[in-house]
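The structure appears below as structure tokens.
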Protein chains: 2
Amino acid sequence: MREFKRRSRVLLIDDNADHLRGVKELITLESSYEVVGTTTSANIGINLAKKYRPDIILMDINMPEKDGLQAIQEIEKLDMGIRVIALSGYDDADLIFRAMKIGAKGYVLKTMASAQLIYAMDEVAAGKIYLPTALTSRFFEYFQNSFKEEAKSSSEENLLTYLTAREEEVLDLLTQGNNYKGIAGKLFISETTVKTHVNNIFQKLQVNDRTQAVLYALNNGFANRRLSKIAV
Amino acid sequence: MREFKRRSRVLLIDDNADHLRGVKELITLESSYEVVGTTTSANIGINLAKKYRPDIILMDINMPEKDGLQAIQEIEKLDMGIRVIALSGYDDADLIFRAMKIGAKGYVLKTMASAQLIYAMDEVAAGKIYLPTALTSRFFEYFQNSFKEEAKSSSEENLLTYLTAREEEVLDLLTQGNNYKGIAGKLFISETTVKTHVNNIFQKLQVNDRTQAVLYALNNGFANRRLSKIAV
DNA sequence: CAATATATCAATCTAAAGATGTAAGACAAA
DNA sequence: TTTGTCTTACATCTTTAGATTGATATATTG
């Protein structure tokens with residue numbers, strides 16, 4: 001398979017010159033990859049990416065000077081279809097999560113066997129997203145944890161359930177920034193009726209004003225635009 | 001390894017009786033697992049889970065009557081440490097995402113080889129979270145997509161950047177549901193000063209009232225409580 | 001049928017929010 | 001030094017929001 005395809009062009013970014021050399025030699029041995037550039041600086045790497053338009057970038061994300069994650073983000077913003085694989089010394093769940101969140105197509109530990117890196121590159125070159133099994137497990141633990149709080153707060157007595165259908169409509173319009181007049185116009189009812197509904201909503205949600213009502217709605221899984229708490 | 005451990009107790013929930021039988025036979029052949037119950041009903045399954053406290057539940061999530069995802073959620077809420085593996089006929093990214101989000105420890109396609117299911121059970125029984133590689137790739141595509149919009153909207157001109165430090169403080173307190181008096185008290189400044197800040201914030205964010213300001217802040221990555229757009 | 005919940009509307013009043021203009025002191029940059 | 005920005009503050013005025021009470025019509029349900 002791989003033999004028939006054009007060789008994938010690879011750019012290496014790693015502040016550790018020794019490791020950089022090692023990876024370069026490793027990849028050069030592979031017939032399906034071609035190293036088009038190497039650099040120990042994230043900033044230079046971004047410029048090389050613009051210049052050479054590689055298919056894949058192997059990016060060390062544990063660089064003391066510039067943050068590798070930030071570099072990935074900048075490369076993703078270029079929107080040039082460059083696929084970045086994060087290289088890291090740590091199997092830290094938070095790091096893995098953040099790397100995948102900003103668009104890394106893979107995450108490989110430096111301590112992993114070189115065959116693992118080549119496999120990841122093969123998968124990513126084929127358009128897939130690849131994470132080693134062990135890291136996937138880590139990722140999901142972190143991922144599920146970030147939803148646990150939310151699950152709890154939504155399993156607590158959710159005051160939103162006490163709202164009538166009409167009140168939900170009104171609240172929905174409130175969460176879009178409408179005032180009384182706007183809501184009345186959209187629901188084809190009088191402004192005073194809207195006031196009645198809004199006051200009933202305040203009572204049921206135990207809040208004092210519309211801002212608090214909107215915040216309650218958004219933080220407790222109100223249907224329209226459900227937002228999940230995932231810190232960056 | 002596995003031989004020395006106590007057999008893991010498994011509960012099977014699948015509305016398809018034939019498939020249920022097949023999986024049961026398959027698992028019964030494995031020395032490390034013991035089927036403690038089977039049912040074609042999600043509701044009965046939840047009750048069996050409470051009663052028998054299995055280590056693992058294999059849950060079909062493509063049931064017409066009751067939603068398997070909802071059943072998983074209810075089991076997770078029990079917080080009994082029961083590990084649920086989702087069984088599905090579809091490798092739909094949204095389904096996979098939702099299953100993992102609500103706490104499934106694995107997701108296996110019914111069309112996959114039985115060895116794959118056993119492997120998933122081994123991993124999950126060992127405390128890990130397991131997704132077949134192909135499904136992991138699917139999951140991440142969906143996952144990264146859900147953050148793309150956010151990345152764009154935050155790379156677009158973000159009006160929040162025009163706020164001064166003090167204005168950010170005021171906006172922060174606004175996003176917590178404070179009124180003028182509350183903000184003035186917390187910042188040790190007069191209420192009229194708060195009004196000035198708030199009015200300036202409105203001008204800069206191009207909104208008409210505090211609710212719209214709060215919504216703008218929350219939807220554009222305001223630091224305090226960053227919310228990400230991931231629909232359930 | 002009677003009781004209850006919901007949706008509609010109005011009047012009235014107070015409090016809060018918002019718009020606008022002005023201005024003084026602090027501080028940093030040109 | 002001057003210029004500009006930021007923070008503070010006040011006065012004034014208009015509008016909106018919110019609380020309260022009461023009333024009617026319509027389903028729904030026991």
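Convention: sequence-line order gives letters A, B, ...; per-chain numbering from 1.
- In this structure, A/Tyr90 contributes its side chain and A/Ile96 its backbone to no donor-acceptor pair below 3.5 Å.
- Counting to the nearest Å, the C1' atom of C/dT8 and the CD atom of A/Glu169 are 14 Å from each other.
- The shortest distance between the side-chain N/O atoms of A/Tyr180 and the OP1/OP2 oxygens of D/dT15 is not below 4.0 Å.
- Rounded to whole Å, atom C1' of D/dA17 lies 11 Å from atom CD1 of A/Ile183.
- Separating the CD1 atom of B/Ile201 from the C1' atom of D/dT7 is a distance of 13 Å, rounded to the nearest angstrom.
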Using a cut-off of under 3.5 Å, enumerate the N/O to N/O pairs linking the protein to nucleotides 28-30 of chain D.
none

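- By the side chain to side chain donor-acceptor pair (under 3.5 Å) test, B/Thr193 pairs with B/Ser190, sequence neighbours left out.
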Evaluation steps, salt bridge (Lys or Arg N to Asp or Glu O under 4.0 Å), between A/Lys204 and A/Glu167: CA-CA 10 Å; A/Lys204 291 184 178 179; A/Glu167 285 161 358; 2.9 Å; yes
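- Atoms CD (A/Glu191) and C1' (C/dA11) sit 14 Å apart, rounded to a whole Å.
- Using a 4.0 Å heavy-atom cutoff across all strands shown, A/Thr193 reaches at least one base atom of the nucleic acid.
- Checking C/dT8, D/dC10, C/dA17 against the side-chain heavy atoms of B/Arg210 singles out C/dA17 as nearest.
- Electrostatic pairing of B/Asp209 and A/Arg210 does not count as a salt bridge here, judged by no charged N lying under 4.0 Å from a carboxylate O.
- Between C/dT8 and A/His197, a contact under 4.0 Å exists linking OP1 or OP2 to a side-chain N or O.
- A/Glu74 and A/Lys77 are not joined by a salt bridge, as no carboxylate oxygen comes within less than 4.0 angstrom of a charged side-chain nitrogen.
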Steps toward salt bridge (Lys or Arg N to Asp or Glu O under 4.0 Å) verdict (B/Arg138, B/Asp91): CA-CA 8 Å; B/Arg138 285 258 161 140; B/Asp91 61 345; 3.3 Å; yes
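- Judged purely by atom type and a 3.5 angstrom limit, B/Ser137 uses its side chain to pair as donor or acceptor with the backbone of A/Ile129.
- Below 30°, between 30° and 60°, or above 60°: for A/Phe147 and B/Phe97 the angle between ring planes is above 60°, a perpendicular geometry.
- If you check C/dT6, D/dT7, D/dT16 against the side chain of B/Thr164, the one that comes closest is D/dT7.
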Summary of protein contacts for nucleotides 19-27 of chain D, nucleotide by nucleotide, where a base hit scores B, a sugar-phosphate-only hit scores S (4.0 Å, heavy atoms): B--------
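- With rounding to whole Å, A/Ile189 atom CD1 is found 12 Å from C/dT6 atom C1'.
- Within the 4.0 angstrom heavy-atom criterion, base atoms lie near B/Thr192.
- With hydrogens and angles ignored, the 3.5 Å screen pairs a side-chain donor or acceptor of A/Gln212 with a backbone N or O of A/Asn208.
- Residue contacts for B/Ser190: at a heavy-atom cut-off of 4.0 Å it reaches the sugar-phosphate backbone alone, with no base atom in range.
- Atom C1' of nucleotide D/dT5 and atom CD of B/Glu167 are separated by 11 Å, given to the nearest angstrom.
- Sequence order on DNA chain D of the closest nucleotides to B/Asn200 and A/Asn179 puts B/Asn200 first from the 5' end.
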